[in-house]
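Quick notes on the structure that follows.
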There are 2 protein chains.
Amino acid sequence: MDKDKLSERKERILKAVVDEYIKSASPVSSGEIQQKHFNEISSATIRSEMSALEDMGYLIQPHTSAGRIPSKKAYKLYVDKFMVKLPLRRKEIELINASFKSRFDGIEEIVKRAAKVISDVTNYTSVIVLSNINRVKIKRIKLVDLDSRSALVIIITDSGIIRDKIITLSATINPIYIEDANNLLNKIFEGKTVAEIKQADEIINTELKDFKELYENIVAILLSYEEDKNSSVIIEGASKMLDHPEYDLDTTRNILSVIDKKERIAELIEENQDIEFTVRIGKDEALDKCAIVTAKYKINGKEIGHAGVIGPERMDYSKVVSVLNYVGKTLEEISHGGKDDKYDKLK
Amino acid sequence: MDKDKLSERKERILKAVVDEYIKSASPVSSGEIQQKHFNEISSATIRSEMSALEDMGYLIQPHTSAGRIPSKKAYKLYVDKFMVKLPLRRKEIELINASFKSRFDGIEEIVKRAAKVISDVTNYTSVIVLSNINRVKIKRIKLVDLDSRSALVIIITDSGIIRDKIITLSATINPIYIEDANNLLNKIFEGKTVAEIKQADEIINTELKDFKELYENIVAILLSYEEDKNSSVIIEGASKMLDHPEYDLDTTRNILSVIDKKERIAELIEENQDIEFTVRIGKDEALDKCAIVTAKYKINGKEIGHAGVIGPERMDYSKVVSVLNYVGKTLEEISHGGKDDKYDKLK
DNA sequence: TGTTAGCAGTCATAATCTTAGAGTGCTAAA
DNA sequence: TTTAGCACTCTAAGATTATGACTGCTAACA
């Protein structure tokens with residue numbers, strides 16, 4: 001369409017309407033816009049401009065005698081064109097930095113903190129989905145004896161995520177067994193992705209001999225990570241969903257029940273994996289009235305997952321994007337200063 | 001008081017009122033009680049009995065022309081005297097059992113599953129608070145090298161909880177260092193509680209020599225567990241709080257914000273540590289309108305934490321207690337069949 | 001041609017009033 | 001002690017009215 005070219009004045013008015021609506025959550029009238037943003041022209045003029053914007057699909061009138069609210073189309077334009085990355089306040093920056101000062105955290109704990117601080121600073125619900133272990137390479141596997149029949153398997157991925165599980169074997173475990181096993185395991189698993197391991201299943205079987213049970217246990221562990229999305233989804237501040245005046249009890253209930261089903265949220269957050277930043281508005285049945293802003297997070301240059309913020313369509317996109325951005329950068333810095341990427345110096 | 005002795009009929013009527021109110025969430029009238037529970041006597045008689053029960057503080061009339069609802073006092077009596085542990089349904093038992101079939105879970109994952117299934121079966125919000133590591137004995141500490149400057153510290157407690165953290169040291173780590181360190185660490189930490197370690201701080205300092213930095217790191221890790229209650233509190237089904245008709249939006253918001261602050265919930269759940277089962281009704285400012293049922297959970301005979309269910313005062317106590325009970329028993333059984341308590345067979 | 005003041009028309013929201021009926025308390029009789 | 005009967009109370013729901021916030025349109029003006 002050609003009509004989609006907005007005059008500069010229309011753009012300014014539209015931006016003003018979105019800004020006001022983000023603040024007030026109630027329909028914006030021509031008078032309000034005139035008072036707060038356009039002292040130079042009359043409300044009648046603004047009225048006719050807004051009427052035109054409505055015809056173009058950018059504004060919606062809930063009823064004849066109400067002001068207007070932005071449409072999804074308006075939000076999209078707003079995000080693309082008008083949104084500025086405003087610098088965070090000193091207090092907010094301090095809060096974020098303070099969250100990451102602890103030295104001892106593994107990646108999963110860092111990520112939990114990230115989720116918490118994103119939610120705290122933005123005042124929206126935040127979600128972090130850790131990358132599927134399927135696509136991640138195994139850097140090293142380590143077996144540690146616990147007692148004569150059980151051992152701890154430690155899996156270190158190239159993104160630095162460390163997971164461990166206890167396994168129980170029918171064979172007796174002694175130091176020699178552990179050493180042999182460790183050598184063999186690393187030979188088999190090092191540098192492979194879970195997907196590759198699944199395929200290689202048959203071929204390897206011959207090499208294994210005494211370690212067949214162990215091998216099968218470890219593969220089962222890897223597969224179990226794949227299955228349960230649950231444990232790789234971190235949600236913080238879900239109760240903040242109650243603070244948005246545009247949602248009635250029913251809507252809130254629906255939204256929260258979707259969020260509770262972590263699988264669905266994981267899919268939504270992980271969509272568009274190749275784009276650095278996404279804003280999605282009302283894409284899902286129950287999340288019809290929600291906007292989701294997502295970002296890809298890296299540590300050590302490796303993607304570790306996606307972070308998302310869920311809120312009403314009229315969310316404070318500028319702030320959310322700024323916070324996601326700053327937290328993302330902070331995460332990358334942590335990895336530089338903290339533990340480094342030298343696992344491969346050992347064999 | 002002497003008046004507190006209820007006649008048998010009063011007791012039966014009171015129980016009937018509580019039962020009905022649990023079902024319907026709306027004031028119970030004398031007629032309703034007469035129809036459903038007391039065909040032999042008239043509603044007028046029940047009316048006068050209910051009036052007496054009101055005088056005694058067991059029932060409350062929201063307004064003159066309404067039925068009556070139970071008071072906190074009534075709920076307490078109900079829980080103490082009338083509640084029966086009804087057997088769970090086959091479906092519910094199957095659901096619970098299915099949650100625990102996986103072989104590979106460490107204690108924390110088992111506990112997460114427990115929280116989830118408790119919430120799913122009862123339809124209330126569930127909370128599990130893992131025992132403060134302070135009171136738990138350290139069974140063994142293990143150091144595993146990751147690269148030349150960092151290592152993984154694995155802490156095994158006598159209740160079988162395993163935690164690990166990465167530490168980075170200024171000294172270079174080699175196999176000999178690791179072995180020496182492991183020996184020393186176990187000499188120092190084995191069988192001690194965190195509280196004891198804090199006190200022993202000075203005395204040990206002399207023995208340490210080259211391992212001082214390592215020691216301090218590990219103590220710092222132990223202390224950090226003590227600090228953040230956050231990571232030892234698991235909440236499931238918080239959104240179910242929205243399903244209770246007696247809560248308006250504001251009340252729900254308050255309750256959920258208390259639940260979000262995990263520290264406060266942890267305190268509530270951990271109160272009365274010596275009692276096997278507790279029902280607490282409206283003990284807290286924001287949780288004034290809530291009841292909390294808690295149980296102590298053990299694995300391998302060692303207390304691992306407390307589980308709690310949070311809901312409205314009129315919650316289905318029978319069911320909640322039954323579920324908590326059954327899940328508790330299941331947990332104890334897991335530990336018998338699964339990995340056993342033989343860590344001490346190694347030195 | 002774009003802008004503006006003025007004014008009638010619309011419609012939601014709030015306030016007020018009305019009504020229906022659910023449930024009680026009391027009384028008097030069994 | 002129990003019960004039927006009835007007057008009384010009070011909420012919840014529905015109907016009615018009033019208010020006022022906005023708009024859209026028109027006509028005049030730059």
Side-chain angles (χ1 to χ4, degrees), chain A residues 3 5-14 16-18 20-21 23-71 74 245-246 248-249, chain B residues 5-14 16-18 20-21 23-71 74 245-249:
Chain A
K3 279 181 197 164
K5 279 244 165 98
L6 295 177
S7 70
E8 202 224 316
R9 193 170 70 183
K10 280 204 180 58
E11 280 191 351
R12 280 180 60 210
I13 290 174
L14 183 58
V17 171
V18 176
E20 286 305 321
Y21 187 68
K23 271 188 221 149
S24 71
S26 52
V28 183
S29 72
S30 55
E32 203 182 331
I33 294 294
Q34 196 263 336
Q35 266 181 39
K36 296 186 187 166
H37 298 265
F38 288 84
N39 289 318
E40 69 275 15
I41 53 178
S42 81
S43 70
T45 313
I46 294 170
R47 205 144 54 232
S48 68
E49 290 285 58
M50 282 170 75
S51 174
L53 283 167
E54 187 178 356
D55 292 340
M56 293 164 139
Y58 289 103
L59 293 179
I60 295 166
Q61 243 183 339
H63 53 263
T64 346
S65 72
R68 288 177 169 95
I69 62 174
S71 68
E246 60 263 65
D248 58 27
L249 204 77
Chain B
K5 280 242 165 105
L6 295 176
S7 70
E8 203 224 313
R9 191 170 70 185
K10 280 203 180 59
E11 281 192 349
R12 281 180 59 211
I13 290 176
L14 184 57
V17 172
V18 176
E20 286 305 321
Y21 188 68
K23 271 188 221 151
S24 71
S26 52
V28 183
S29 72
S30 55
E32 205 182 331
I33 294 293
Q34 197 263 335
Q35 267 182 39
K36 297 186 187 165
H37 299 264
F38 286 83
N39 288 316
E40 68 276 17
I41 53 178
S42 80
S43 71
T45 312
I46 294 171
R47 205 141 58 229
S48 67
E49 290 283 60
M50 282 170 77
S51 176
L53 284 166
E54 185 177 358
D55 292 340
M56 294 165 135
Y58 289 104
L59 292 178
I60 294 166
Q61 238 182 342
H63 53 265
T64 347
S65 70
R68 290 177 167 95
I69 62 174
S71 68
E246 60 262 64
Y247 295 149
D248 58 27
L249 205 76

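Letters A, B, ... mirror the listed sequences (proteins, then strands); counts begin at 1. What you see is a predicted model, and the numbers here were worked out from it, not measured in a lab.
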Protein-nucleotide distance ([X], atom [atom1]; [N], atom [atom2]), rounded to Å:
| X | N | atom1 | atom2 | answer |
| --- | --- | --- | --- | --- |
| A:I60 | D:dT23 | CD1 | C1' | 17 Å |
| A:R9 | C:dT1 | CZ | C1' | 12 Å |
| A:L59 | D:dG24 | CG | P | 11 Å |
| A:I41 | C:dA5 | CD1 | P | 12 Å |
| A:Y21 | D:dC22 | OH | P | 14 Å |
| B:Q34 | D:dT2 | CD | C1' | 13 Å |
| A:F38 | C:dG2 | CZ | C1' | 16 Å |
| B:H63 | C:dG21 | NE2 | P | 16 Å |

Among all residues two or more places apart in sequence or in another chain, which pass the side-chain hydrogen bond (donor to acceptor under 3.5 Å, both in side chains) test with [X]?
| X | value |
| --- | --- |
| B:S29 | none |
| A:S71 | none |
| B:R12 | none |

Contacts of type side-chain contact (heavy atoms from CB on, under 4.5 Å), residue B:Q34, not counting sequence neighbours: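 Checked B:Q34 against side-chain contact (heavy atoms from CB on, under 4.5 Å); matches are B:S43, B:I46.
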Partner residues of A:K23 under the side-chain contact (heavy atoms from CB on, under 4.5 Å) criterion, sequence neighbours left out: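 Expected list: A:E20.
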Reading 5' to 3' through nucleotides 22-30 of chain C, protein heavy-atom contacts under 4.0 Å coded B for base, S for sugar-phosphate only, - for none: BSBB-----
Sugar-phosphate only, base, or nothing, as touched by B:E49 at under 4.0 Å among non-hydrogen atoms: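 The answer is nothing, as B:E49 stays clear of every strand by at least 4.0 Å.
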Donor + acceptor pair across side chains of A:S48, A:S51 (<3.5 Å):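 There is no such pair between these side chains.
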